[in-house]
Amino acid sequence: MKKMFLKLVLLCLCLWRLDGVFGELVIVKDGDSVTLNSDLTEMKDDDVIQWKFKNTLIAEINKRADRITVYDDVLDGRFRDRLKLDNQTGSLTITNTTTEHVAVYYLQINSEIKRFRLGVQRELLDGERAVSVKEGDSVTLNYDLPEIKNVFVIQWMFKNTLIAQIIKLLDRIIVDDDVLDGRFRDRLKLDNQTGSLTITNTTTEHEGDYTRLINSMSTDFYLHVFVEMSVMEGDSVSLNSPLTEMKDDDVIQWRIGDENTVIAEINKRSDRITVYDDVLDGRFRDRLKLDNQTGSLTITNTTTEHAGDYKLLKFSERFSSKSFRVSVYGE
Ligand SMILES: *[C@@H]1O[C@H](CO)[C@@H](O)[C@H](O)[C@H]1NC(C)=O
Ligand SMILES: *[C@@H]1O[C@H](CO)[C@@H](O)[C@H](O)[C@H]1NC(C)=O
Ligand SMILES: *[C@@H]1O[C@H](CO)[C@@H](O)[C@H](O)[C@H]1NC(C)=O
Ligand SMILES: *[C@@H]1O[C@H](CO)[C@@H](O)[C@H](O)[C@H]1NC(C)=O
Ligand SMILES: *[C@@H]1O[C@H](CO)[C@@H](O)[C@H](O)[C@H]1NC(C)=O
Ligand SMILES: *[C@@H]1O[C@H](CO)[C@@H](O)[C@H](O)[C@H]1NC(C)=O
């Protein structure tokens, strides 16, 4: 029997080598426990410690009032029976983690705030394959056909939506590339012999779970689509918008990081261009150039503080987005 090679799918926007700037990065395997360390050896008598998931309070120790509270019913109960708070150190343990726990956690000790970024690695399902592709490239999701006597139908789903199928009996291939806002339009090819699916000219919108169904047997794939940008410290980096020209009612925003802080916006409706370069301690001050035709963003004179995950969001007709991961290298 062939030994299954298990890879891991990383479900977070991870920043390597940047722990100091973006908070401690903690990676845990789906289903395992993880402890976020307060780094306190012992709490003082009047300490107040609060743990937040994004902006929601999930646990609190109030030494003054001698009270320990775990709010595990919040957020649809995703933390129910999963939180353990160490009453000596204030450290928080999350047991049986799932991808729903991916986020930034804040630990507030009196007035001091510490950040943790939690990433959950999901182990691939039995037989699932992880496939990575650079944006713009083509990718074929291929898997040996199982030995099924009579293949009547081969179907492909993206996040539970049917996007393509071969109906053998009718000798027909149906590619439903208008679904999901047309993100697959003119991009899908189905091989009628092997049942493999090719996605051409991938964009970050194609990232996610794919399932091939043959009769009733399913095979799973996880597709990663990424745009990687690297720049030497001091140089400029341009994050190119896919738009060639903005329309009259377009609104676009550039956002950075887990907090999705807005750093620039073009609002064609109100004919306004705004660069918010004083956010985030002014790290972008006098460094942002926005192309008012395409919405592309250039960051000049970069420092390691500009490394991170950037998103271009477009609001009009239909919502679309494009993600970039920028690394800045020092000497
Ligand atoms: C702290 O935890 C220990 C063991 O988990 C327990 O015995 C003790 O009663 C707790 N103290 C308070 C104040 O909850
Ligand atoms: C872990 O969580 C899943 C649901 O996310 C649940 O089905 C499973 O029983 C849990 N396992 C343990 C050991 O609590
Ligand atoms: C399947 O492919 C073969 C060869 O490429 C072609 O002759 C046939 O018409 C195709 N069938 C369908 C349903 O497209
Ligand atoms: C790839 O897709 C982009 C939009 O996402 C489009 O502008 C470009 O023309 C496409 N390239 C090819 C070769 O189809
Ligand atoms: C767009 O940019 C060009 C050149 O950078 C400038 O001349 C023009 O005034 C700008 N338009 C708006 C609406 O800001
Ligand atoms: C680039 O930024 C550094 C600080 O990070 C500053 O000292 C330097 O003057 C800047 N250079 C230019 C050309 O703006």
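Counting starts at 1 for both ligands and their atoms, in listed order.
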Under a plain distance cut-off of 3.5 Å, with no hydrogens placed, do T298 and S236 share a side-chain donor-acceptor pair? no
What pairs with D191 under side-chain hydrogen bond (donor to acceptor under 3.5 Å, both in side chains), at least two apart in sequence or on another chain? none
Under 4.5 Å side-chain heavy-atom separation, chaining through any Ile, Leu, Val, Met, Phe, Trp or Tyr, what else clusters with V48? Say none if it is isolated. none
Who passes side-chain contact (heavy atoms from CB on, under 4.5 Å) against T161, sequence neighbours left out? V179, L180
Would the F158 and H206 ring centres measure less than 6.0 Å apart? no
Aromatic rings F324 and W254: how do their planes relate, parallel, tilted or perpendicular, breaks at 30° and 60°? tilted
So which protein residues pack against ligand 4 under 4.0 Å, heavy atoms counted? R187, N201, T203
